[in-house]
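Within every chain, numbering begins at 1; the chains are lettered A, B, ... in the order of the sequence lines, protein sequences first and strands thereafter.
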Amino acid sequence: MIPGWLWILAYTLIGLGVLLGLLRAFLGPKTPDRLVAVDALVTITMGLMVLLGLWYRRGIYLDIALIYGALGFIATLAIARYLEGGL
Amino acid sequence: MTLLNLLETLLVIGMLGAALFVVRTRDLLAAVVVTAIISLVAAILFYVLQAPDVAITEAAIDAGLTTAIFLVALRKTERYEK
């Protein structure tokens, strides 16, 4: 079993990561800063979804993290392509 | 109030801040980027409210498709709002 303090540590770290990512996404002076912040937020969210799937003990919840990880990449790719001048 | 409720509160406040930012900013590309945060928090909320199928649809449509369509539309117009 996972001890209680480990849950508290994990949730606290994820909360701190979300806070810092949101701060950079709002304050970032240029668009690439915001883009990297949103990409980091997608990764942190994936971790949160896997953690909550373990918390609720349901296997289907891992599929959402899988799909989000596979498709959250497309948005980053499209915006990077736009900044480069393609698309 | 558990720690998970606290985390959800932080996420919803971030969602509200992202919506206000999207409405107020002049840079439309930054608005498209920050819109991803709104869909992200919506997916987490559907997830926590025990609706995994809705969360999967939200992730599939909003993370991939909406941003691409907004960018194709933005390419036809100007980046900065007058």
Looking only at non-hydrogen atoms, find the nearest pair between [X] and [Y] and report the distance.
X       : Y       : result
A:Tyr68 : B:Leu40 : OH-CD1, 3.1 Å
B:Ala30 : A:Arg34 : CB-NE, 3.5 Å
B:Thr67 : A:Ala75 : OG1-CB, 3.8 Å

Would you indicate whether the side-chain heavy atoms of [Y] and [X] approach each other to under 4.5 Å?
X       : Y       : result
A:Ile64 : B:Phe46 : no
B:Val72 : A:Tyr82 : no
A:Thr12 : B:Leu6  : no
B:Val34 : A:Val38 : no

Do you know which of A:Ile14, A:Thr31, A:Ile74 has the most heavy-atom pairs with chain B at a distance under 4.5 angstrom?
A:Thr31
Most contacts with chain B, counted as non-hydrogen pairs under 4.5 angstrom, among A:Tyr11, A:Trp7, A:Trp55
A:Tyr11
Would the distance check show the side chain of B:Tyr47 and the main-chain N or O of A:Gly53 forming a donor-acceptor pair, the cut-off being under 3.5 Å?
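Answer holds: yes.
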Proximity breakdown for [X] and chain A, heavy-atom pairs closer than 4.5 Å:
X       : value
B:Asp27 : side chain
B:Ile13 : neither
B:Glu58 : neither
B:Ser39 : both
B:Leu7  : side chain
B:Val41 : neither

Heavy-atom contact with chain B under 4.5 Å, split by part of [X]:
X       : value
A:Leu66 : neither
A:Phe73 : neither
A:Leu77 : neither

Is it true that, when you exclude A:Leu16 itself, more than 12 heavy atoms of the residues, nucleotides or ligands shown sit nearer than 6.0 Å to its CG?
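Yes.
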Transitive ILVMFWY side-chain link [X] to [Y], under 4.5 Å:
X       : Y       : result
A:Leu41 : A:Val36 : no
B:Ile38 : B:Val23 : no
B:Leu71 : A:Leu35 : yes
A:Tyr61 : B:Val54 : no
B:Leu16 : B:Leu45 : no

If contact means a heavy atom pair closer than 4.5 Å, which residues of residues 18-27 of chain A contact chain B?
A:Val18, A:Leu19, A:Leu22, A:Ala25, A:Phe26
Could you give the distance from CG (B:Leu29) to CG (A:Leu83), rounded to the nearest 0.5 Å?
5.5 Å
